[in-house]
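I have placed the structure first, in the form of structure tokens, so that the comments after it can refer back to it.
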2 protein chains.
Amino acid sequence: MGKRQNIRIKDIAKMAGVSVGTVDRVIHERGNVSEEAEQKVKAVLKKTNYSPNPIAQSLGKKKEYQISVLLPHPEQDEYWNLSKEGVLEAKREWESYHMHITLDTFNLDKPESFSKVSAEVMESKPDAILTAPIFYKESLSFYQTLKQAAIPYILVNTEIDSQLNKLDPLCIIGQDHHQSGRVAAELTHIAQHEPGQLAVMHIHENIERSIHLKEKEQGFRSYFNELGNTEFEVLTYSFLDGSESFESQISQCIAANDFKGIFVPTSSGTYLTAKALEKHQKQQQTQLIGYDLLEQNIHYLKKGTINFLINQDPYHQALQGIRYLVNHLLLHLKVPSSDLLPLEIITRQNHTSFLNGQH
Amino acid sequence: MGKRQNIRIKDIAKMAGVSVGTVDRVIHERGNVSEEAEQKVKAVLKKTNYSPNPIAQSLGKKKEYQISVLLPHPEQDEYWNLSKEGVLEAKREWESYHMHITLDTFNLDKPESFSKVSAEVMESKPDAILTAPIFYKESLSFYQTLKQAAIPYILVNTEIDSQLNKLDPLCIIGQDHHQSGRVAAELTHIAQHEPGQLAVMHIHENIERSIHLKEKEQGFRSYFNELGNTEFEVLTYSFLDGSESFESQISQCIAANDFKGIFVPTSSGTYLTAKALEKHQKQQQTQLIGYDLLEQNIHYLKKGTINFLINQDPYHQALQGIRYLVNHLLLHLKVPSSDLLPLEIITRQNHTSFLNGQH
DNA sequence: TTTTTTTGTGTGTGCGCACACATATCATTT
DNA sequence: AAATGATATGTGTGCGCACACACAAAAAAA
């Protein structure tokens, strides 16, 4: 091994027969470099596989970076509160590295709220952005703006999507929703030994997100289809927040049917369904699978009303997203174009191990 | 918010009415500071809640750190090969930060091999050590030495243990084995609907590790005991590598019984059992739960012979352990005295999501 | 008291890079 | 031919800290 002395700009300069200033100009594309010198430096750079010492880089740098995070109001849905915690952690992590991380939030139910806040965010001339595509149309137009302004952005809570890819985000962080539905189906199947009806319940305030929910449903169905299965009938229900509250709609549906299992693709829908099951005392006969370690979900998981949760780990999504942005801005490291997080299965027996600290 | 100008040593010096040299001496306890000056500086330090800029700290430092990793031969057991990968990743991560990370390996079956290699490691005067307690007696004596030499060390693959704690390791990384057994029991229980026999199979080369295996077994049993369950009979088998090979011992046992489910607390024992189940064509009637994402385990998981794996994530354990050591040595950050990793449940449908990159 | 030793304190340099600034070279214009 | 501008290149300083060194003050020994 020995002393693997890292190559410095000084060394590059010597090898290329120019000064450090010229090397610096080539590296940062500041211009005013002769064609000849540029070629020489670039050749040496490539040959030595040079990468700047990020430590010194950060030390010497004057620039202050502004990273704006744009997510739904944390108090509207606990899911987004977990994201917020991830943002705060990232903020602490990068505080002393010239990184200013600010969180702006919008109303999950109002597209115009998103438009308003996103415009405000642009005002502050951010160097990078972390956000989640909630309102499809408004989001696309926002990303278009970002692309034109050449502001790198990362999306969390996202499925890979050709429309989005055209607006080249720096990275897309999320889970494979289709596969996620398959995991739910698998878990349902494992516990079921008698034929019967299974329900997929879409419970969501926001019609725009229904694409993701449909993906999960399709994954769920595809699993049973592949089994060539006729024992289980999969029924789909959609509940929207309208004249009648979620609670009463779910309650009626559960009262009227005897499902063997229910799959709820939304995190907040999960505990609402658990509540309804208990109300009709069907928590024993009906298996419930939902999403995420929300406080209320954990409550029902402990009691056994919820059998499995799939963890989408919003905390980690936000934290990781910001880390990628810093890698990009500060260290010029390569960031993957997508990062699919593991599909973590949470049960009564293992949920605490996911809560001790954030791994 | 505004420009949160960080406090520098220079500022501390000015506030305390001394020079930066004196502040430095107080911070690093280099001595030769008058009682009076020391008190003044310490007061300011406390008042300002000063923490050094880790970037500049690392830049200015001359010292080269040596971190020695001491683990079983990676080719002896794929589990330890995964650990090795984590070490290599950590090595890459810290290469340019004055951190020299070296891996030394010993024979999993030979205590004297551990003693020999651990002595060699000490020769190289490491600044910190990462290792795993395999041979109880030899390990304790090694840790005793480390404690006396005041060399910080971190243990992976470890259960919290009062004996170990007396030899105060910097951190213990592992899983809650008891709870891990409970998760296995829970998963078994979910899929079982008819009474029958369940087997816990201890398959291990190394008698010393049996304490951990016992913990898992006890967790497994405690779950069923709490159910007040009489439907399931839990039987324990222990196989040691002796005159007869593992394969034939397992094979005989499986041929002679009709288990509803088998729980194998060792990672390499898992695929051996899967192999035996297939040999006797009992993979349908017998549920199998084991440990870790070994290549062979994944193979049988895909086929459905293995139903669940619990991931102990040796890769992450090693990587995280080294990160902690660096935090300790370089940044003087606080390291938790123990870190229990989540009990990840792996199934046929979600295993790929754990393999795309290392999260 | 003077000399030596011990103890306390301040200054200066370098880590590898970014960036402002000074300087050199060459092509245009007057 | 001199003056001006445009382009190219080199030099120097600072980021915040660690650490070596020079030096001053106090204490101990002569």
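Convention: sequence-line order gives letters A, B, ...; per-chain numbering from 1.
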Regarding the side chain of A:Ala37, the nearest nucleotide among C:dA18, D:dC17, D:dT9 is D:dT9
To the nearest angstrom, how far is A:Asn32 atom CG from C:dT25 atom P?
-> 17 Å
Tell me, which pairs form a side-chain hydrogen bond (donor to acceptor under 3.5 Å, both in side chains) where one or both residues lie in residues 122-134 of chain A, sequence neighbours left out?
-> A:Lys63-A:Asp127
Round to the nearest Å and state the distance from B:Glu64 atom CD to D:dA18 atom P.
-> 16 Å
Please list all pairs passing the ring pair (Phe, Tyr, Trp, His ring centres under 6.0 Å) test where one or both residues lie in residues 142-169 of chain B, with sequence neighbours left out.
-> B:Phe114-B:Phe142, B:Tyr143-B:Tyr153
Rounded to 10°, the helix from C:dT4-D:dA27 to C:dT30-D:dA1 deviates from straight, judged by its five-pair end axes, by 70°
By side chain to side chain contact (heavy atoms under 4.5 Å, CB included), which residues pair with B:Gln144, not counting sequence neighbours?
-> B:Gln148, B:Leu167
Within this structure, what is the CD-to-P distance between A:Gln57 and C:dC15, rounded to whole angstrom?
-> 18 Å
From CD1 of A:Ile9 across to C1' of D:dG12 the rounded distance in Å is 15 Å
Taking atom P of C:dT11 as reference, at what distance in whole Å does atom NZ of B:Lys10 sit?
-> 12 Å
Strictly below 4.0 Å, heavy-atom distances to any atom of DNA chain D: list the hits from residues 19-30 of chain B, or just say none.
-> B:Asp24, B:His28, B:Arg30
Using the test side-chain hydrogen bond (donor to acceptor under 3.5 Å, both in side chains), find all partners of A:Ser118 that sit at least two apart in sequence or belong to another chain.
-> none
note: A:Gln39, atom CD; D:dA8, atom C1'; distance rounded to Å ~ 16 Å
Contacts of B:Glu38 and B:Ala56 projected onto DNA chain C by closest heavy atom; the upstream (5') one is B:Glu38
Taking atom types as modelled, find out whether A:Tyr50 and A:Asp11 have a side-chain donor-acceptor pair closer than 3.5 angstrom.
-> no
With sequence neighbours excluded, tell me which residues meet side-chain hydrogen bond (donor to acceptor under 3.5 Å, both in side chains) with A:Glu159.
-> A:His177
Side chain to side chain contact (heavy atoms under 4.5 Å, CB included), paired with B:Ile172, selected from B:Thr158, B:Ile154, B:Asn157 = B:Thr158
Would you kindly give the CZ-to-P distance between B:Arg8 and D:dC15, to the nearest whole Å?
-> 7 Å
Side chain to side chain contact (heavy atoms under 4.5 Å, CB included) partners for A:Gln163, two or more places apart = A:Tyr136, A:Leu140, A:Asp161, A:Lys166
Roughly, in whole Å, what's the span from CG in B:Asn53 to C1' in C:dC15?
-> 13 Å
Taking side-chain hydrogen bond (donor to acceptor under 3.5 Å, both in side chains) as the test, write out the residues that go with B:Gln175, two or more places apart.
-> none
Is the distance from OP1 or OP2 of D:dC17 to the nearest side-chain N or O of B:Tyr50 less than 4.0 Å?
-> yes
